[in-house]
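Comments concern the structure below.
Chain letters run A, B, ... following the sequence lines, proteins first, then strands; residues in each count from 1. What you see below is based on every heavy atom in this structure, not just the backbone, and it leaves out hydrogens, waters and symmetry mates.
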Protein chains: 2
Amino acid sequence: MRVEFINPFLSSMLNVMSTMAHMELTPEKPKLKKGETSMGDVSGLIGMISPEAKGSLSITFDAPLALATMKGMVGEAPDEINDEITDLVGEITNMVTGGAKRLLSEKGFDFDMATPIVVSGENHAIHHKSKGPIVVIALRGELGKAYIEFSFDE
Amino acid sequence: MRVEFINPFLSSMLNVMSTMAHMELTPEKPKLKKGETSMGDVSGLIGMISPEAKGSLSITFDAPLALATMKGMVGEAPDEINDEITDLVGEITNMVTGGAKRLLSEKGFDFDMATPIVVSGENHAIHHKSKGPIVVIALRGELGKAYIEFSFDE
């Protein structure tokens with residue numbers, strides 16, 4: 001696993017949430033996913049392809065945290081996950097991956113991003129199926145947790 | 001929407017299910033997704049990138065159909081969605097996309113595939129967030145439905 005990938009994805013996520021939604025999340029220590037499952041209610045997923053490696057990223061939110069993020073961005077939010085929220089999670093996924101892409105490009109690792117897919121459904125679980133280890137970073141907000149996960153074939 | 005993309009994905013799906021799991025699925029008429037939501041219990045998702053377009057594909061299964069697919073492939077299956085099933089759905093997603101990639105390459109459209117992500121969770125919904133229309137093809141099996149969906153930025 002490329003440890004140098006962790007900070008670009010983490011700092012991009014913290015930056016997007018802070019600047020777009022005025023929300024400060026507290027990251028827990030990044031770790032390798034082994035057996036345990038991160039569950040959530042709405043997730044943004046995106047594929048990444050570089051000449052050296054292929055991979056996938058997911059950002060999974062508890063519903064109350066996703067709704068609070070919308071409220072932080074535009075001042076109001078629906079009562080439950082709807083198309084506005086899945087659009088927002090898709091945009092956050094694009095922005096976080098785009099920010100990490102710029103940071104990683106400075107380190108000489110260039111990748112292209114596919115288009116995001118958003119999954120909604122109470123308590124779903126995400127399983128990255130690349131060949132490499134899966135890095136998971138939990139982030140705590142006042143109203144719930146988010147998880148960034150990524151994995152590359154290597 | 002590129003109508004010529006439909007048959008490569010559909011015929012690759014029918015071929016994978018038939019040859020790997022001895023399962024004949026009956027496709028319904030492909031259509032553009034407008035408002036309605038395909039729900040399922042386990043989904044394989046993958047990103048696609050070409051010089052001309054970026055996109056995403058999903059294959060969503062009802063749980064009984066996913067379990068029957070495992071049984072068709074290896075003779076036995078667990079009682080519920082577990083890691084074996086999510087591995088299988090990830091492999092099917094890779095095989096279907098790889099088959100479509102070969103067929104589309106013959107038509108002069110080349111794309112690269114990212115690595116698959118599998119989502120598990122009762123009744124989740126998939127929302128493709130590329131800029132183009134979303135094509136959805138429902139497939140009926142004896143024990144449930146599957147849905148192929150794909151979308152490209154254009």
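- A 6.0 Å sphere centred on NZ of A/K33 holds more than 12 heavy atoms belonging to other residues, nucleotides or ligands.
- The neighbour count for B/E28 CD, taken as heavy atoms of other residues, nucleotides or ligands under 6.0 Å away, is above 12.
- Both the backbone and the side chain of B/D87 come within less than 4.5 Å of a heavy atom in chain A.
- One distance of note links CG of A/N123 with NE2 of B/H124; it measures 13.0 Å at 0.5 Å rounding.
- Between chain B and the options A/I46, A/L45, A/I126, the largest number of non-hydrogen pairs under 4.5 Å is found for A/L45.
- Atom CG of B/D112 is separated from atom CG of A/D112 by 9.0 Å, given to the nearest 0.5 angstrom.
- Taking hydrophobic clusters as Ile, Leu, Val, Met, Phe, Trp and Tyr residues chained together by side-chain heavy-atom distances below 4.5 Å, A/M13 shares a cluster with A/F109.
- Both A/I85 and A/F61 are part of a single hydrophobic cluster, where members link through side-chain heavy atoms under 4.5 Å apart.
- Interface check for chain B: of the options A/M48, A/K54, A/H128, A/M39, the most heavy-atom pairs under 4.5 Å are formed by A/K54.
- Within the 4.5 angstrom heavy-atom criterion, only backbone atoms of A/M113 (N, CA, C, O) approach chain B.
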Stepwise side-chain hydrogen bond (donor to acceptor under 3.5 Å, both in side chains) check, A/H127 with B/S120: CA-CA 8 Å; A/H127 315 266; B/S120 61; 2.7 Å; yes
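- With chain B as partner, the option from A/G90, A/S43, A/G47, A/G55 having the largest number of non-hydrogen pairs under 4.5 angstrom is A/G55.
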With side-chain hydrogen bond (donor to acceptor under 3.5 Å, both in side chains) as the test, would you mind laying out the steps for B/K129 and A/T86 before giving the verdict? CA-CA 9 Å; B/K129 299 292 184 188; A/T86 66; 2.9 Å; yes
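- With hydrophobic clusters built from ILVMFWY side chains whose heavy atoms lie under 4.5 angstrom apart, A/M70 does not share a cluster with A/L143.
- To the nearest 0.5 Å, atoms OG1 (A/T115) and CD1 (B/I49) are separated by 8.5 Å.
- Interface check for chain B: of the options A/S56, A/S58, A/G44, the most heavy-atom pairs under 4.5 Å are formed by A/S56.
- Tracing side-chain contacts under 4.5 Å through hydrophobic residues (I, L, V, M, F, W, Y), one reaches B/L67 starting from B/I92; they form part of the same cluster.
- Listed options A/S151, A/A125, A/S130 were ranked by heavy-atom pairs under 4.5 angstrom with chain B; first place goes to A/A125.
- For B/I81, no part sits under 4.5 Å from any heavy atom of chain A, backbone or side chain.
- In the hydrophobic clustering of this structure, B/Y147 does not group with B/M23; members are Ile, Leu, Val, Met, Phe, Trp, Tyr whose side-chain heavy atoms approach within less than 4.5 Å, directly or through other members.
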